[in-house]
There are 4 protein chains.
Amino acid sequence: MVKGENRVAKRRGQKYEQIIEAAVKVIAQNGYHHSQVSKIAKEAGVADGTIYLYFKNKEDILVSLFQEKMGRFIQKIEDELAGETSIEEKLLLLISMHLQQLEDNHALAIVTQLELRQSNIELRNRINEVLKGYLKLIDTVILLGIKEGIFSEELDVRIARQMVFGTIDEVVTNWVMKEHRYSLVALAPSVHKMLLKALSK
Amino acid sequence: MVKGENRVAKRRGQKYEQIIEAAVKVIAQNGYHHSQVSKIAKEAGVADGTIYLYFKNKEDILVSLFQEKMGRFIQKIEDELAGETSIEEKLLLLISMHLQQLEDNHALAIVTQLELRQSNIELRNRINEVLKGYLKLIDTVILLGIKEGIFSEELDVRIARQMVFGTIDEVVTNWVMKEHRYSLVALAPSVHKMLLKALSK
Amino acid sequence: MVKGENRVAKRRGQKYEQIIEAAVKVIAQNGYHHSQVSKIAKEAGVADGTIYLYFKNKEDILVSLFQEKMGRFIQKIEDELAGETSIEEKLLLLISMHLQQLEDNHALAIVTQLELRQSNIELRNRINEVLKGYLKLIDTVILLGIKEGIFSEELDVRIARQMVFGTIDEVVTNWVMKEHRYSLVALAPSVHKMLLKALSK
Amino acid sequence: MVKGENRVAKRRGQKYEQIIEAAVKVIAQNGYHHSQVSKIAKEAGVADGTIYLYFKNKEDILVSLFQEKMGRFIQKIEDELAGETSIEEKLLLLISMHLQQLEDNHALAIVTQLELRQSNIELRNRINEVLKGYLKLIDTVILLGIKEGIFSEELDVRIARQMVFGTIDEVVTNWVMKEHRYSLVALAPSVHKMLLKALSK
DNA sequence: CATGAATGAGTTTTCATTCAT
DNA sequence: TATGAATGAAAACTCATTCAT
C-alpha cells in the first residue's frame, strides 16, 4: 500500500486555502525541488503535520493547487465566452484571457509553466486530467467555428486543438523564461491573427 | 574544491556513445527519477566509475545526450532543407522530419518530450541553449517565406516561431503520452496545412 | 543552497547528550575513519536522520563533542585551581587533573589523543579554538608564578606554555598508545618535578 | 589478503626519489586528504601505475617518505652530536638542529607536523617505529647527562624523553600553525634553557 | 484539530589499485 | 619498465510522512 493512501483529506477550510497559496508562493520563489513540505507549512503558518490533515501527500498539494487554480481559470473563460457571439471574438477572448490570467499572477505562471512540469510522469498525468477541461473548451470553440462555417471542415479537431494550446502555451512559457520582461497580453492580437488564419477556411 | 574541477571528461570514444545510448534506453524505460547512474552504467556495460571518465556528473550525461541527439537532428533537417526550393516544401519538410525522427526513435521521444523536462531549471536552461539552434532554423524558414512574399510581412517572427515549435512539440508530446498508438508522421500534412495558412498572407 | 543553511541544530536535549556519548564510544572503538554516522546513530539508539536534528553535519558532532568534554575538563581544573594557594600546588593540580580526567575516561582519551587528530585542518582549527581556553589557563598559572617570584621572569611565556602542554600531551599520548598499561596519574609527580624545575628561577 | 601485499617494491631508483619529493610537495600544498595518488604521480612526472612499481601502496609512499626524511634528519643530528663534548652543548645542538632542519624545509614541516598526523592509526604506528630512532637518540643524551652527573639521577628517562620530544614537537607545530611567521631556530636557546633546568640536578 | 520531533530509505561520486598493452 | 583506462566499494545527508501528545 502506498503511504497515506487511506487518509481522508478535508477538501475545504481556511487552512486548505492558506496551504495552496503558500505552495504557489514557495514553489515560484524556490523552485519545485527546493520546495519542501516543511517550507510550505512554514509559509502557510501551520505545522508540518497539519498539511496532512488537508492533503493526502505532497503530490496532492500540487494537484489540488492546479485543480483549484485551473478550475477558476477555465470557469472565467467559459463565463466570458458565453457572452460573445462571433467565433472570432470567442477565439480572441480565449487567447486574451489565457494570457491575461497568467500575466496577472506571475507566481502562478512560473508554477504552471515551469515548476509543475518538473514533476514525475504520474503527477503529470493527473495534471493532464485537470487540463482536459480546458482542452474541451478549446474543442468547443473549434467545433462551433466549423459548424458556423468559419473554420475549415477539413480540420482535424485534435490537431487543431493541439495547435491552439501548443501555441499559447509556448508563448506563455517564453514569456516566463524571459522573466516577464514584456507585456504578455499584448501578444494576444498577433497570436489570434495567426491562429484564426490557421483554422479558417 | 569545486566538484569535478580537475577532471577532464573525454568527449569522444566508443564508451562515450555506449553510455549515451544506455542513458536514453534506461531513462525511457524507467523514467528520469528512477534512472540511477549505476543503472545506466550497467546497461552500458561499464563500471559506475567509468561514467565519470566521460561525463563530469550525472547532469552532464543528460546535457550531452541532448546535445548529441539534437545536434544530429538539426543537422539532418538543415541538410534536407537546403535541397528544397519552395518555401511550402521547406515547411513541410521541417515538420515531417521533426515528426519522423522522433517516431523513428520512441525511446528518444519519451526522453525529450517527457523525462528531460523533469530536470531542474538550470539543466533546462542548458537544454534550451541547445534548442536555440533549432529555433534559429525555424526563424530562417519564416524569414525566407516573408522575403519571398509568401508569408505575411506583418508576422511577428518570434511569435510565429513559437507557434511553429509549440504546435509541433505539442503534437509530439500528445503522441508520446498516448503511447505512440498512431502514426506521428502521418499528422504532418494536417499540421503543415494549418501552419502554412497561419503564416501566409 | 549552502548545506544546512536553513536547519537549526538544537544544542541541548537528552538526545544531544546521547549522541555525543555514542560518538565517543564508537570512535574510540572503531577509529575515526570507521565511525559512520549510521554507526553512531545506532549506538545512540536514534535514527540516522535524528543526528541531523541536533548536529549540522558529521564534523559538527566532533567539534561539539570536543567542546562539551573540553569545556567541563577546563572548568573542573579552573575550579580546583582557585582553591589552591601555592603556585607549586597549582601546577601539580593542573598536571594531575589533566592526567586523571583522561585516565578516568579511556575512550575519551583515545578520541582526543589519537582520533580527533586525524581530522582535516579546518576541523583541527576549530578544535584548537576550544583548546585555547585550556592554554590560557596554563598561561595564567605561569604568569602568576612569575609574578610571585617563583618562576623565572625571563621565561618566554609562549614557549613555557608550549613546554607544559607539549609535555603533558606527549605523556598522555604515549600512555594511550601503550594501551593504558600503566597508571597515568602516577606519572604526575615526576612530570610536575621536571616542569617545576624548568620554570623556576 | 590485503591488496598489494605481495608486491615487491623497488626501494631505489631516480623515480623513487622523484615520487617522494612529489609527495612532500603535493601534500604540503593540498593537504593530506586532497593528495590523491594521481596528483602525486603527475607532480612526479610518472604514470599512476608507475607509483606501484616503487611503492606497495599509497601508505607506503608516506611511510617511505618519513623514513627517508627522518633517517637523514636523525643521521645529521647524530653526526653533529658526536663532535660535541659537553652535555649542555649536545642538548642545545639537538634542539637547534631539530628546529633548523624543519625551518629549512617548510613543506616537510607541514607534512610531518600536520598532514601525516591525519593518517590512520595503523600508519601512525609505522611512523612511530621510524620515530623510535630519534627517541633513542634523545634517550642517549639524557642517559649520558645522568652518567656525567649533570642530569638528575632520579629522572624517569621515559618521562624525560617525552618532555624533550613533546616540547620541541609542540614548539614546531605551533610555528607551522602560525604559518612560519617567525624564526623557529631562534627559539632554541629559550627551549634549551628550560629543558636543561628541567633535567638538571 | 493541531503539533513537530522523530524516522529511515535511497543515491551520487571519489579514488586507490589493477592489468592489458 | 612504464603506461593510464578501467574498476567498484563505500558513506553522508535529505525530506516526505507518521504519531504521541
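Chain identifiers are assigned alphabetically (A, B, ...) following the order of the sequence lines, protein sequences preceding nucleic acid strands; residue numbering begins at 1 within each chain. On a predicted model such as this, the values are computed, not experimentally measured, just so you know.
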| query | What nucleotide, of E:dA2, F:dA12, E:dT7, holds the atom closest to the side chain of A:Lys15? | reply | E:dA2
| task | Would you mind reading off the distance between A:Asn30 atom CG and F:dC15 atom P, rounded to a whole angstrom? | result | 11 Å
| said: Can you measure A:Lys56 atom NZ to F:dT18 atom P for me and round it to whole angstrom units? | reply: 12 Å
| B:Ala47, nearest nucleotide to its side chain (from F:dA2, F:dG4, F:dG8) | F:dG8
| note | All heavy atoms of A:Arg117 vs all of A:Arg124, minimum pair found to be O-NH1, 3.3 Å
| task | Report yes if a side-chain nitrogen or oxygen of A:Lys58 is closer than 4.0 Å to either non-bridging phosphate oxygen (OP1 or OP2) of F:dT17; otherwise report no. | result | no
| query | If each of A:Asp48 and C:Ser38 is mapped to the nucleotide of DNA chain F with the nearest heavy atom, which maps nearer the 5' terminus, i.e. the 5' end? | reply | C:Ser38
| query | Rounded to the nearest Å, what distance is computed from the CG atom of residue A:Asn57 to the C1' atom of nucleotide F:dT18? | reply | 13 Å
| field | C:Gln36 CD - F:dA12 P separation (whole Å) | value | 6 Å
| B:Ile51 has an atom CD1; how far is it from atom P of E:dC15, in whole Å? | 18 Å
| query | Is any side-chain nitrogen or oxygen of A:Thr50 closer than 4.0 Å to OP1 or OP2 of E:dT3? | reply | yes
| field | Evaluation steps, side chain to side chain contact (heavy atoms under 4.5 Å, CB included), between D:Arg126 and D:Asp60 | value | CA-CA 10 Å; D:Arg126 296 183 59 191; D:Asp60 190 36; 4.1 Å; yes
| query | In terms of side-chain heavy atoms, does C:Glu17 have a donor or acceptor partner in C:Gln14 at a distance below 3.5 Å? | reply | no
| Presence of D:Tyr54 side-chain N/O under 4.0 Å of F:dA2 phosphate oxygens OP1/OP2 | yes
| said: Go nucleotide by nucleotide along DNA chain E from the 5' end; which of C:Gly45 and B:Ser35 gets its closest nucleotide reached first? | reply: C:Gly45
| query | C:Tyr52 has a side chain; which of F:dA12, E:dC1, F:dA5 sits nearest to it? | reply | F:dA12
| request: May I have the distance from D:Asp60 (atom CG) to E:dA16 (atom P), rounded to whole angstrom? | output: 14 Å
| A:Val37 or C:His34: which one's nearest nucleotide on DNA chain F is closer to the 5' end? | C:His34
| Separation of E:dC1 P from A:Gln14 CD (nearest whole Å) | 12 Å
| request: Could you tell me whether C:Glu68 and C:Arg72 have a side-chain N and a carboxylate O separated by less than 4.0 Å? | output: yes
| Which nucleotide, in any strand shown, forms a Watson-Crick or G-U wobble pair with E:dT21, with both distances under 3.5 Å? | F:dA2
| Closest-nucleotide ordering on DNA chain E, the 5'-leading residue of C:Val46 and B:Gly49 | C:Val46
| query | Any cation-pi pair here, B:Lys15 with B:Phe55, using under 6.0 Å and within 45°? | reply | no
| query | Once you round it to whole Å, what is the distance between P of E:dT17 and CD1 of D:Ile40? | reply | 11 Å
